[in-house]
Amino acid sequence: MSAQPDDELPAEERGSGATITPYRDGPLIVRGDFTLVDQDGAEIDPGRGTVALCRCGKSGIKPFCDGSHKRSGFSAPSAPSRPRPAAQLRQEG
């Protein structure tokens, strides 16, 4: 995976919001200005401006990715396999 840390991106590419990229057969990469909170609303310090969040459920450092998806054979596409219903309604309307 060639994810570039947010700290290394030029200021104009960082923007003011977050970008979340699901990597094929891997984690969600979150870049930019974001706040990570647990289900009770307590903030989780990510320790950096770009983080990899676990999608496979096998990580030993949840919610962060530790590479366990590779050993577990996790498989998931990068893009949705079918459009969300709201997207279909917008296209039809």
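What you see is a predicted model; the values in this text were computed from it and never measured.
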So, does [X] use its side chain to make a donor-acceptor pair with the main chain of [Y] at under 3.5 Å?
X	Y	result
R55	G26	yes
K62	C54	no
D33	G17	no
S78	P22	yes
D38	D40	yes

Taking all non-hydrogen atoms of both residues into account, name the closest pair between [X] and [Y] and its distance.
X	Y	answer
I29	A52	CD1-CB, 3.6 Å
D66	G60	OD2-N, 2.8 Å
C65	G67	SG-N, 3.3 Å
A18	V30	CB-CG1, 4.4 Å

Quiz prompt | side chain to side chain contact (heavy atoms under 4.5 Å, CB included) evaluation trace for E43 with T35 | solution = CA-CA 7 Å; E43 191 167 330; T35 302; 3.8 Å; yes
Hey, are the side chains of [X] and [Y] touching, using non-hydrogen atoms and a 4.5 Å cut-off?
X	Y	value
L53	I20	no
I44	V37	no
D25	S75	yes
T19	F34	no

Quiz item: CZ of R24 to CZ of F74: how many Å apart, nearest 0.5 Å?
Solution: 12.5 Å
Quiz item: Are I61 and V51 connected in a single hydrophobic cluster, I mean Ile/Leu/Val/Met/Phe/Trp/Tyr linked by side-chain heavy atoms less than 4.5 Å apart?
Solution: yes
Self-check item: For R71, all residues meeting side-chain hydrogen bond (donor to acceptor under 3.5 Å, both in side chains), sequence neighbours excluded
Solution: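 Counting only residues at least two positions away or on another chain, R71 forms a side-chain hydrogen bond (donor to acceptor under 3.5 Å, both in side chains) with S68.
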